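Below you'll find the structure, written out as structure tokens, and then a few comments.
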There are 2 protein chains.
Amino acid sequence: MTRAGAKAVRAGYHHGDLRQALIDAAEAVLAEKGVGGFTLRECARRAGVSPAAPAHHFGNLTGLLTAIATLGFDGLSGAMDAAAEAATQAGGSRLRAIGEAYLATALARPGRFRVVFGQMGLNGEDPDFKQASARAFSILVRETRAELPQDQGEDDLFSRLPPSFAGDPDLAEILLVWSVTHGFTTLLLDGQLDFLAGTAGREALLKLHSERLVVLLISALRSSDPSA
Amino acid sequence: MTRAGAKAVRAGYHHGDLRQALIDAAEAVLAEKGVGGFTLRECARRAGVSPAAPAHHFGNLTGLLTAIATLGFDGLSGAMDAAAEAATQAGGSRLRAIGEAYLATALARPGRFRVVFGQMGLNGEDPDFKQASARAFSILVRETRAELPQDQGEDDLFSRLPPSFAGDPDLAEILLVWSVTHGFTTLLLDGQLDFLAGTAGREALLKLHSERLVVLLISALRSSDPSA
DNA sequence: ATCGGTATCTTGACGTCGTCAAGATTTATT
DNA sequence: AATAAATCTTGACGACGTCAAGATACCGAT
């Protein structure tokens with residue numbers, strides 16, 4: 001037969017790179033049918049492989065989803081880093097840039113974003129996943145601190161990520177930034193703002209986010225009392 | 001046999017109030033197993049009824065979930081209204097009160113909250129659901145406007161809810177409030193802040209939310225330019 | 001070059017799921 | 001009391017995730 005799969009050619013009994021093919025198939029399924037129509041068997045079907053094959057690479061459905069979620073976090077991190085760098089080059093606000101990047105990344109791959117934050121069983125103990133998650137959060141921390149009217153240049157603070165955030169004086173501001181960005185993204189993605197998009201259009205909402213919401217947010221950060 | 005169900009007694013062939021019994025069972029399942037372990041057959045089992053029985057009251061799984069989501073919105077609305085009223089009595093901030101109420105309601109019934117916002121197929125055309133959703137949003141609009149340094153007392157603005165929010169000058173502030181509240185709630189509920197709760201504890205996070213996050217938010221609102 | 005071990009994939013099956021069509025049973029209407 | 005409507009059951013269908021056992025291909029040691 002030597003039939004060809006959707007992404008990778010199926011040469012013989014072995015696939016070659018089934019792991020990557022399954023991830024590609026999973027992303028395609030998420031893009032087409034959304035998180036509701038996502039199925040492990042469908043992914044196997046698209047990769048031209050039996051329903052039990054994925055188990056050898058991902059263990060179970062949770063394993064595949066965790067791999068996707070890791071990609072999701074990496075995508076967010078990469079987009080935020082790139083946007084921040086570009087903003088510096090262009091002389092714009094870095095925090096505004098990463099907010100736009102967060103939102104744009106989620107809208108570009110809504111299925112992937114929902115796997116990350118959608119509370120479908122992920123393996124939180126997976127080391128790659130944990131690292132990707134921590135990296136994304138560290139970017140948020142770094143950029144939020146850079147926007148605060150204090151501690152400019154104390155780069156050594158950026159490094160102590162894992163240990164005890166509890167008493168961190170900037171924690172409120174960090175969580176505020178994340179909450180606004182994540183909240184708006186989630187509401188938009190889940191169709192909660194559709195009744196607005198009907199008249200305003202999605203682009204208008206994006207514009208509103210980066211030109212008004214983020215501005216309000218930054219003003220709140222700049223006016224926050226450093227001695228609090 | 002005349003066996004007794006979990007919630008309502010099963011007298012004969014007919015149930016009596018199967019619709020309510022199914023909703024109760026569904027909430028119990030959500031509370032015990034979360035949204036991942038939710039199953040229509042399990043709900044029917046707990047109500048002491050065959051797997052096909054729910055179809056006559058809810059059509060399908062989507063119908064039952066939509067009913068739950070309607071309860072979820074009503075719960076949010078009721079809690080926010082009550083908290084705002086109580087805040088006025090106590091001389092506190094109404095906006096802070098509804099923020100706490102939103103968060104507390106979600107934490108009290110996380111499964112229900114996830115049905116509302118978790119992007120598991122709901123019937124957005126259901127009239128009860130639409131009304132419950134609109135009511136919750138209208139409360140947010142009302143309280144946000146009350147916090148703005150303008151338009152105090154122009155109650156007629158509150159009434160024009162459905163028609164064209166597009167050019168509303170307060171839209172950015174409204175969405176900011178909703179984004180912060182919803183974003184923080186979602187992050188906390190989905191375990192994204194667990195690495196903080198390990199050292200700080202969940203109560204500390206709640207305290208941080210109402211004492212620092214909401215304060216920052218309100219300061220942003222008060223400083224927002226009315227002529228923007 | 002061959003052989004044995006191991007990684008990879010298939011086959012077949014199990015239990016569970018949502019849903020449908022058809023029939024049984026109870027309630028409501030006239 | 002007879003007929004209509006509402007309610008619930010039975011039985012079945014296809015699809016799902018997962019497992020155990022077997023088939024096939026690769027790979028390093030000899």
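All chains are named by letter (A, B, ...) in the order of the sequence lines, taking the proteins before the strands, and each is independently numbered beginning at 1. No experiment lies behind these values; they were computed from the predicted model shown.
Checking D:dC8, D:dT18, D:dC16 against every side-chain atom of A:Pro51, the shortest atom distance belongs to D:dT18. Distance from the side chain of A:Thr39 is smallest to D:dC16 among D:dC16, C:dT10, D:dT9. For A:Val49, counting side-chain heavy atoms from C-beta on, the closest listed nucleotide (D:dA20, C:dC9, D:dC8) is C:dC9.
Between the side chain of A:Thr66 and the backbone N or O of A:Asn123, at least one donor-acceptor pair lies under 3.5 Å. The backbone N or O of B:Asp128 lies less than 3.5 Å from a partner atom in the side chain of B:Asp126, making a donor-acceptor pair.
Taking atom CG of A:Leu40 as the reference point, atom P of C:dC9 lies 14 Å away to the nearest angstrom. The CD-C1' distance, from A:Glu42 to D:dG17, rounds to 15 Å in whole Å. Atom CZ in A:Arg41 sits roughly 12 Å away from atom C1' in C:dT11 (whole-Å rounding). A straight line from NE2 of A:His15 to C1' of D:dC26 spans 16 Å, rounded to a whole angstrom. The NZ-C1' distance, from A:Lys33 to D:dC16, rounds to 13 Å in whole Å. Rounded to whole Å, the distance from CZ on A:Arg45 to C1' on C:dT10 is 16 Å. Between the P atom of C:dT16 and the CZ atom of B:Phe38 lies a distance of 18 Å, rounded to the nearest Å.
Contact check of residues 56-65 of chain A against DNA chain C (heavy atom, cut-off under 4.0 Å) returns A:His56, A:His57.
Contact between the side-chain N/O atoms of B:Ser50 and the OP1/OP2 oxygens of D:dC8 is not found at any separation under 4.0 Å. Residue B:Arg19 has no polar side-chain atom (N or O) positioned under 4.0 Å from OP1 or OP2 of D:dC8.
The nearest pair of heavy atoms linking B:Ala26 to B:Leu64 is CB-CD2, 4.2 Å. Among all heavy-atom pairs drawn from B:Val115 and B:Leu122, the shortest one is O-CD1, 3.4 Å. The shortest heavy-atom contact between A:Arg112 and A:Leu30 is N-CD1, 4.2 Å.
Taking NE2 from B:His56 and NE2 from B:His15, the interatomic distance works out to 14.0 Å, rounded to the nearest 0.5 Å.
Between A:Arg135 and A:Asp81 a salt bridge is recorded (basic side-chain N to carboxylate O distance below 4.0 Å).
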